[in-house]
There are 2 protein chains.
Amino acid sequence: MADPRWLDEREFRAWLGYRRMRLLLDAQIVRDLNRDSGLSDPDYDVLSALSSSKDRRWRLNQLAAHMLWSKSRLSRHISRMEERGLVTREECAADARGADIVLTDGGLRAIEAAAPDHVASVRRHLIDLLTPEQIETLGDIADTVLEHLADDQGDAIP
Amino acid sequence: MADPRWLDEREFRAWLGYRRMRLLLDAQIVRDLNRDSGLSDPDYDVLSALSSSKDRRWRLNQLAAHMLWSKSRLSRHISRMEERGLVTREECAADARGADIVLTDGGLRAIEAAAPDHVASVRRHLIDLLTPEQIETLGDIADTVLEHLADDQGDAIP
DNA sequence: AGCCGTTAGTTGACATGTAACCAAAGTGGC
DNA sequence: GCCACTTTGGTTACATGTCAACTAACGGCT
């Protein structure tokens, strides 16, 4: 920490660009999603994860781990989605503490209706603007960064 | 919108990776920043923008535009930072409605103390993990995406 | 069976972002 | 000069996320 090499021009461009992209791209895609489907970004993530499971059901615990969310965040968000009829909570047979989050028919309809527009939005604002090489590199970068973060966390609790 | 091409494997990997990176990388860098300097991510952004200006002063309006923040968000955040003595508000001579945001000595000290650790954190978790080619490509991707978004907005209000 | 540390999920207090509205001050056409 | 329109900055109401504390249930061990 004593002698920080400052970022050179290219490094700074990448970092600043990443931050601005995060700010504006995400905002745009969230806006599109909300306008087209009335869903928020977190809504979509939850519905997407649930609909990809076999029986449209997931333990809160597992779902949170899969989505990389805190249990607290997921619990609160599920409560909000429950009020809107997108999901329900059911008692878990195997573990009396547990809660199964279940996708309702309404929730399934919502995600199926939202998906095409959402994919189109992601294409329009990101994927279709990039060359195949850039797409590949973006995937590589994310994998590298995430792997490194996972290693860090592993070290922290040995 | 009618016929959405789904994302193929590579495209999906890039998109999912981007989302997860956004979630975890940002969280880690914010954690580091907070631990090392007691500043939040938005704090750092504001201080950084102010300290880069000539006279440590910026119209709220201009500053918001530069940072791509809403005026509302900036106004609220400035209030919080003002309470902690990092910045002050001054009346603007040229426009009685206006507010100049001024970096205090304490604010300058805070950003100068925080910068080395923050840069080190960005290097550790992102920049130093990537090849020069990947860094270049990340910058290219961000520029492409941001330019496209700017065009979109331009079209919206002709 | 009974105890103790761990785990699942929820909740209260709080930090921070957005959207809609407002008052005060500028600006331009007449 | 006067009136309509815009701009600036702030504020209120609300949505959403974090952290820490809490309850209840599980599970290994004796």
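The structure presented is a predicted model; accordingly, all values stated were derived computationally and were not measured. Chain letters run A, B, ... following the sequence lines, proteins first, then strands; residues in each count from 1.
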Which whole-number value in Å describes the distance from [X] [atom1] to [N] [atom2]?
X	N	atom1	atom2	answer
B/Trp58	D/dT8	CH2	P	15 Å
A/Asn61	D/dA25	CG	P	17 Å
B/Asp95	D/dT7	CG	P	13 Å
B/Ile78	D/dG9	CD1	P	11 Å

B/Asp105 and B/Arg56 ion-paired at < 4.0 Å: yes
Short N-O contact, B/Asp43 and B/Arg80, less than 4.0 angstrom: no
Heavy-atom pair with the smallest gap, counting every atom of B/Asp41 and B/Val30: CB-CG2, 3.6 Å
Rounded distance [0.5 Å steps], CZ in B/Arg20 versus CE in A/Met67: 9.5 Å
With A/Ser75 via side chain to side chain contact (heavy atoms under 4.5 Å, CB included) - residues at least two apart: A/Leu60, A/Arg89
Pairs touching residues 69-93 of chain A that satisfy ring-ring contact (aromatic ring centres under 6.0 Å, His included), sequence neighbours left out: A/Trp69-A/His77
Residue pairs, two or more places apart or on separate chains, that pass ring-ring contact (aromatic ring centres under 6.0 Å, His included) and touch residues 92-122 of chain B: B/Tyr44-B/His118
Neighbour count above 12 (heavy atom, 6.0 Å) for A/Arg84 CZ: yes
5'-most by nearest nucleotide on DNA chain D - A/Arg97 or B/Leu60: B/Leu60
Test log, rule side chain to side chain contact (heavy atoms under 4.5 Å, CB included), inputs A/Leu39 and A/Leu86: CA-CA 10 Å; A/Leu39 295 175; A/Leu86 297 170; 4.2 Å; yes
Nucleotide-resolved protein contact map, nucleotides 11-21 of chain D, B/S/- at heavy-atom distance under 4.0 Å: BBB--SSBB--
Test salt bridge (Lys or Arg N to Asp or Glu O under 4.0 Å) applied to B/Asp143 and A/Arg13, step by step: CA-CA 9 Å; B/Asp143 282 355; A/Arg13 181 176 85 109; 2.6 Å; yes
Leading and trailing nucleotides of DNA chain C with any atom under 4.0 Å from heavy atoms of chain A: C/dT7 to C/dA13
Same apolar cluster: B/Leu50 and B/Val102, side chain cutoff 4.5 Å: no
Please tabulate the protein-to-nucleotide N/O contacts below 3.5 Å involving nucleotides 2-5 of chain D, giving atom names and distances.
none

